[in-house]
There are 2 protein chains.
Amino acid sequence: MPQLDASQQILLDRALERMVRSGHAATPQRRLVAQELLASPCALTARQLADRLGAQGDRVGVMTVYRTLALLAEIGAAYVLHDHLSESAEAHYAFCSDRHHHHLICSACWGVWEVEGCGLSEAQVRVGDAWGFQVQSHSLDYYGLCARCATA
Amino acid sequence: MPQLDASQQILLDRALERMVRSGHAATPQRRLVAQELLASPCALTARQLADRLGAQGDRVGVMTVYRTLALLAEIGAAYVLHDHLSESAEAHYAFCSDRHHHHLICSACWGVWEVEGCGLSEAQVRVGDAWGFQVQSHSLDYYGLCARCATA
DNA sequence: ATTAATGCAAAACCTTTGCATAAAT
DNA sequence: ATTTATGCAAAGGTTTTGCATTAAT
């Protein structure tokens, strides 16, 4: 199983804690899925996650992975990505910290980096006022090439 | 067929022009799909578009709608929305102008408003520099309730 | 004439749902 | 004991692909 560094371990613990607090058990399978997702620098599909876990000897059924990902997304611990370019049907998932952040997404390798903090001004978030639109949340994704894919 | 006002007509013409310039014919069906999408204040699914056209007597096959939507998305004339809340499988599409803009998206009715201009600073777009990440584009979506859904 | 687009059917695909088993509280 | 979660199989539903027909250049 992939090793997590200290800060990742904290993120994992907090996600599992939120899971429990929302009324769901932190089962071994769910821990494995969350840990594998957290350890991956790139967004993964449900199938990929199941395959990786299986290759390590941690057999987790594909639909347990699906259900765990849905649960993680529900509690804000996973971000769902749909291919912006080729419109492929398969959803990719990235682990999310519990602080507000934005994402850098590499179009070549599905690599995801969290940009801490927000950077949007009050005025920017109030952009809907002119229409009487009540903005409740926002999502800012940056697409491009990561350092490694840019050189290759 | 839905009537377009003058500014919408310009947007439609420009989208069809881009279509032709990218090597695709502006067929009657494609015109109808683009026009119907442009006239709708809310994002629509492929099925909804086909149904609406059919109800008006403009029978357009569902897969022609699918292919037209893919084409519109490819040339930047349509924006693909995936349900952020319930993770429903069906994709919704909204017409896009050819100027850079962001979106207000009503979580209740799939209403979409274009926010003209960008509002992001140079520094905000350079957010990837610290990682050596080359940002090529970004997408900023505001979710919330439109004026009508907020009162209902 | 040659190329491109449509539309039907069928397939492919991802994802969800039933249900029995297994685990946990 | 009761509740919850897992996992297989099967179904569900959206989207894509082949292919013949039709339209357009």
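Chain letters run A, B, ... following the sequence lines, proteins first and then strands; every chain starts at 1.
Note on Thr27(B): a side-chain N or O is less than 4.0 Å away from OP1 or OP2 of dT6(C). Taking 4.0 angstrom as the limit, Arg30(B) places a side-chain polar atom (N or O) nearer than this to OP1 or OP2 of dT6(C). At least one side-chain nitrogen or oxygen of Gln29(B) sits closer than 4.0 Å to the OP1 or OP2 atom of dG7(C).
Annotation: the terminal axes of the helix from dA1(C)-dT25(D) to dT25(C)-dA1(D) meet at 30°, where each axis is the rotation carrying the C1' atoms of four end pairs onto the next four (5 pairs per end, rounded to 10°).
Rounded to the nearest 0.5 angstrom, Thr45(B) OG1 and Tyr93(B) OH are separated by 9.0 Å.
Mapping Pro28(A) and Pro28(B) onto DNA chain D by nearest heavy atom places Pro28(A) closer to the 5' end of the strand.
Although no hydrogens or angles enter the test, the distance criterion places no donor-acceptor pair under 3.5 Å between the side chain of Ser40(A) and the main chain of Leu37(A).
Taken residue by residue, residues 13-23 of chain B places no heavy atom nearer than 4.0 Å to DNA chain C. Heavy-atom distances under 4.0 Å link DNA chain D to Arg59(A), Val60(A), Gly61(A), Met63(A), Thr64(A), Arg67(A) of residues 59-73 of chain A, given in residue order.
Here Glu74(A) pairs with nothing under the salt bridge (Lys or Arg N to Asp or Glu O under 4.0 Å) rule; sequence neighbours left out. Scored by the salt bridge (Lys or Arg N to Asp or Glu O under 4.0 Å) test, Arg59(A) finds no partners at all (sequence neighbours excluded). Ala46(B) meets the side chain to side chain contact (heavy atoms under 4.5 Å, CB included) test with Val65(B), Tyr66(B), Leu69(B); sequence neighbours excluded.
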